[in-house]
Visitor: 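Take this structure first; my questions come after.
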Amino acid sequence: MGLGLLASRAMRPIKSSNFRMCARYIVTKPELQSPESAAAEAPAQPDLPPRTPVGGARIHFPNPEDAIEVFVDGYPVKIPKGFTVLQACEVAGVDIPRFCYHSRLSIAGNCRMCLVEVEKSPKPVASCAMPALPGMKIKTDTPVAKKAREGVMEFLLMNHPLDCPICDQGGECDLQDQSMAFGSDRGRFTEMKRSVVDKNLGPLVKTVMTRCIQCTRCVRFATEVAGVQDLGMLGRGSGEEIGTYVEKLMTSELSGNVIDICPVGALTSKPFAFKARNWELKGTESIDVTDAVGSNIRIDSRGPEVLRITPRLNEDINEEWISDKTRFCYDGLKRQRLNDPMIRGADGRFKAMSWRDALAVVAEVAHQVKPEEIVGIAGKLSDAESMMALKDFLNKMGSNNVWCEGNGMQTSADLRSGYIMNTSISGLEKADLFLLVGTQPRVEATMVNARIRKTVRATNAKVGYIGPETDFNYDHQHLGTGPNTLVEIAEGRHAFSSAISNAKNPVIIVGAGLFERDDKDAIFSAVETIAKNGNVIRPDWNGLNVLLLNAAQAAALDLGLVPESSNCLESAKFVYLMGADDVNLDKVPNDAFVVYQGHHGDSGVYRANVILPAAAFSEKEGTYENTEGCSQQTLPAVPTVGDARDDWKIIRALSEVAGMRLPYDTVGAIRSRIRMVAPNLLHMDEREPATFGPSLKPKCTQKMSSTPFSSAIENFYMTDAITRASKIMAQCSAMLLKK
Amino acid sequence: MLARVAAQRLHEIRQAFRLSPQASRSFSTALNYHLDSPDNNPDLPWEFSDANKEKVREILSHYPSNYKQSAVIPLLDLAQQQHGGWLPVSAMNAVAKVIEVAPIRVYEVATFYSMFNRTKVGKYHLLVCGTTPCMIRGSREIEDALLKHLGVKRNEVTKDGLFSIGEMECMGCCVNAPMITVADYSNGSEGYTYNYYEDVTPKRVVEIVEMLRRGEKLPPGTQNPNRIRGGPEGGNTTLLSEPKPPPCRDLDAS
């Protein structure tokens, strides 16, 4: 008798008389036949206190009819179809121990730590890989489940070295915590432990492979999220190990995240090695400023020193990853710092002086020049408060030549939709086609690139790219290198234009590197034509985006930091650089007086006459708006260096010395001034969408040049004053960048 | 009190048994990472031969075009036969290129299976079964005899390049344990053979090695002249007559 026949007989609810032919009856219980009826028959639930899901997680029901009910320790929970047993337990507020399971990676099911007992199942089941079925009765605190966990723990600890006292993961180690909670207090293993050769993964990730428990989280992360297929599981049985087989560094811009997802101390931070224990650190929830994404970070500091930076969860921006630049730039905060006001003497050398004298010198020079000869440039790391103060101060002096570097000289801040990411970063996941114009998201905004990759992987979205040859970690079509291709698409002569019109949710991302081009308006009007033809902007979908490069850009444009004349720098006599290091100062006349206010002795200092030391992002409270228009705040984690002050305070003091007192004395007061100019900057952690689309824009008459687009960022690891001062970033650019 | 004495005694017994001659644990597979050497590094060119390219196409035709990676094991096997019994890293890269996956995915497979040799082997690669039944029947002695006779270590090639010895997991001939396998790469992938020699003794394996050296053909299978294949020594002892049919109840009776 075939198996299929047996099964079909077993399924048959009525027992016919000729069924007796079979020597053995197959008994079927009604509740096995229809789990729904069993659930309905379940006795009335006892009064259980309501439970909250683990981590305050919210459950999203894509389809309300698909909700099923399961019982976790007798407590009924409603979950959407397709949830695993582990997710059901989390909804019920039961935290299941796990090593290999990670909510953002595929399910491996190889650590076996998440074993739970399920009624009518002969063995404990691995809850992370088991789909929850209607009426399932899951038991997480029975002797069977406890014994299973203890057994798994004992197996895991068999080959795990007992070197917690010298392990950097100590104190934040999943294995340590879970063996305390679920393990036995003694082991029975008396044989030799195995040892594994350490791998060299580059200057960021330290490996102690003997500690590895083969959860394969790092392999899955590298393959699925980072998109570099370098890591793999080699060998088998007790000889199994994680490695690259051939000697290879991990050349991903997201490699630092494997440190966070490693549940043991096998992958730890190389720069942070043996520096501190995690319980000694003070965590400050802050914002990253090295790119325009505004990743949410936690700055861990001890005393006056920033010791490491780790990501914070923000589903809308960075999920739970951050780029290597964000994570490891912190040692730049300790080098090349400006700690005293200084003035350049006749011999060309800087001399330290007091704040009072320095401000007096600056104020005097500022009054000697004509108002239109005054120019102010905000740097790429400036916060909104200081940019507001700078603009107010310069306006009071009679000049309106103030802008933020990276925004170019012919910026228009009139339409907010023209410079922010209108789709929003999390909205990119709904897209089914991307057109990247002059932007290399992998180096310009790593977290946006991770989102695009996630979308491409999930929905096979098409990606078209116009720009210079560059690296992508997903499938893409290289359409062309310059504006000519753009015009072809706009005029419908290119094959990709029909792809855009056929797409349901097309997304166009324009790089902010184009802001510096002279034919910027013409390029933008071509992009808008494509958007119009492709129906990219609809009431329910806005797919026209600008991807900014710097943390300060969006807020600067919101505050109206736009230069009055585009060639003011050539005639400038008094230049105020507020942390601006990437402005081309060759055009500034030799007799111009340059004030550099900033925290690092970077390129801006070479031309400066006076240096005013300011606080870095880790030392001040400042508002930053990211590329999608979400305002967020940094908080001071460490004290400022030397005599440095907050940027806005310096300008406020200078205005008083110059006799043009700005009317604010506190952060609160300057924020109420910001509220008058750009109220959206004060809606913290909220994305403010742009109101008007590009349809209001006047018709563009500019000629487009055919020069190909250039890449906006040469070296991913060194883009601003902090990262250029960082030794780790220098190592990365030496070892990891492709030559 | 009694329990403590008993526990102590048990511990002593355990300690006595723990002193095994092997100081370190041995693994059946070789190193799990690659070390560059003149005859094995990623810069060496490697390609399937023209005859094998035809075979590659044939192998790939067994799988749907979007699941090319399923062909990894047959292709690695083909590459190994072509390269004289072992897989240099450039051969694995070539396979990765054919099936359009990242090289690491191929390395993962090649390191998993002990049948893929990632270091040079001899023309005759002798694999001694090391699994429990063979071990009980003396596979350790057989390996020692081979190693001593050829004067090499495990996974090392003799100076003349003819022989190398490795260990293998159970090959399913436990009834004729102990056994060795001879993978013969002397005739390339066309004349490749893979033969089992069962019921071997330390003396017999040395004879086999010498016969192979002389190029003599010897029939595979049991080396015990008194046995026929898996049958018992000296002829059958059971099932001497036609077996009786199993008892069955009377189907006509109602």
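Only this structure's heavy atoms are used, side chains among them; waters, hydrogens and symmetry mates stay out.
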Visitor: Does CD belonging to B/Glu47 count more than 12 external heavy atoms closer than 6.0 Å?
Guide: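 Counting neighbours around CD of B/Glu47, 12 or fewer heavy atoms of other residues, nucleotides or ligands fall under 6.0 Å, so no.
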Visitor: Inspect the surroundings of NZ in B/Lys53 and state if more than 12 heavy atoms from other residues, nucleotides or ligands are less than 6.0 Å away.
Guide: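 More than 12 heavy atoms, drawn from other residues, nucleotides or ligands, come within 6.0 Å of this atom.
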Visitor: Taking the side chain as every heavy atom from C-beta outward, state whether B/His34 and A/Glu247 have any atom pair closer than 4.5 Å.
Guide: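 B/His34 does not reach A/Glu247 side chain to side chain.
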Visitor: Is it the case that atom CG in A/Asp475 sees more than 12 heavy atoms from other parts of the structure closer than 6.0 Å?
Guide: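 Open.
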Visitor: Side chain, backbone, both or neither: which part of A/Val219 has an atom under 4.5 Å from a heavy atom of chain B?
Guide: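 Only the side chain of A/Val219 comes within 4.5 Å of chain B.
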Visitor: Heavy atoms only: give me the nearest B/Pro42-A/Val246 pair and the separation to one decimal.
Guide: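 Looking at all heavy atoms of both residues, the closest pair is CG-CG1, 4.5 Å.
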Visitor: Restricting to non-hydrogen atoms, name the atom on B/Arg105 and the atom on A/Gly232 that form the minimum distance, rounded to 0.1 Å.
Guide: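 Looking at all heavy atoms of both residues, the shortest contact is NH2-CA, 4.1 Å.
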Visitor: Would you sort out whether A/Thr244 and B/Tyr107 count as a side chain to side chain contact (heavy atoms under 4.5 Å, CB included), showing the intermediate values?
Guide: CA-CA 9 Å; A/Thr244 51; B/Tyr107 305 150; over 6 Å; no
Visitor: Which answer fits A/Thr223, side chain, backbone, both or neither, if we ask what part of it has an atom under 4.5 Å from a heavy atom of chain B?
Guide: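 Only the side chain of A/Thr223 comes within 4.5 Å of chain B.
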Visitor: What distance separates B/Thr111 OG1 from A/Leu234 CG, expressed to the nearest 0.5 Å?
Guide: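 One finds 4.5 Å between OG1 of B/Thr111 and CG of A/Leu234.
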Visitor: So, taking the atom named CD1 in A/Ile242 and the one named CD in B/Glu108, what distance separates them when rounded to the nearest 0.5 Å?
Guide: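 Reported value, rounded in 0.5 Å steps: 8.0 Å.
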Visitor: Would you say A/Lys454 has more than 12 foreign heavy atoms packed within less than 6.0 Å of its NZ?
Guide: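 Yes.
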Visitor: Does any non-hydrogen side-chain atom of A/Tyr245 lie less than 4.5 Å from one of B/Val89?
Guide: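 Contact flag for B/Val89/A/Tyr245 side chains = yes.
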Visitor: Counting heavy atoms not belonging to B/Arg137, are there more than 12 under 6.0 Å from its CZ?
Guide: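 Counting other residues, nucleotides and ligands, CZ of B/Arg137 stays at 12 neighbours or fewer.
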Visitor: In chain order, what residues pass the salt bridge (Lys or Arg N to Asp or Glu O under 4.0 Å) check against B/Arg57, with sequence neighbours excluded?
Guide: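 B/Arg57 satisfies salt bridge (Lys or Arg N to Asp or Glu O under 4.0 Å) with B/Glu54 once adjacent residues are dropped.
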Visitor: For the interface with chain B, which of A/Lys248, A/Glu241, A/Lys199, A/Glu240 has the highest count of heavy-atom pairs at distances below 4.5 Å?
Guide: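 Of the candidates given, the most pairs with chain B belong to A/Glu241.
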Visitor: Got more than 12 heavy atoms from elsewhere within 6.0 Å of OH, B/Tyr192?
Guide: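 Counting neighbours around OH of B/Tyr192, more than 12 heavy atoms of other residues, nucleotides or ligands fall under 6.0 Å, so yes.
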Visitor: State, yes or no, whether a side-chain contact exists between A/Gln229 and B/Pro103 at a heavy-atom distance under 4.5 Å.
Guide: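 Result no, sub-4.5 Å side-chain heavy-atom pair not found.
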Visitor: Can you tell me if B/Lys120 has over 12 outside heavy atoms packed within less than 6.0 Å of its NZ?
Guide: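 12 or below, so no.
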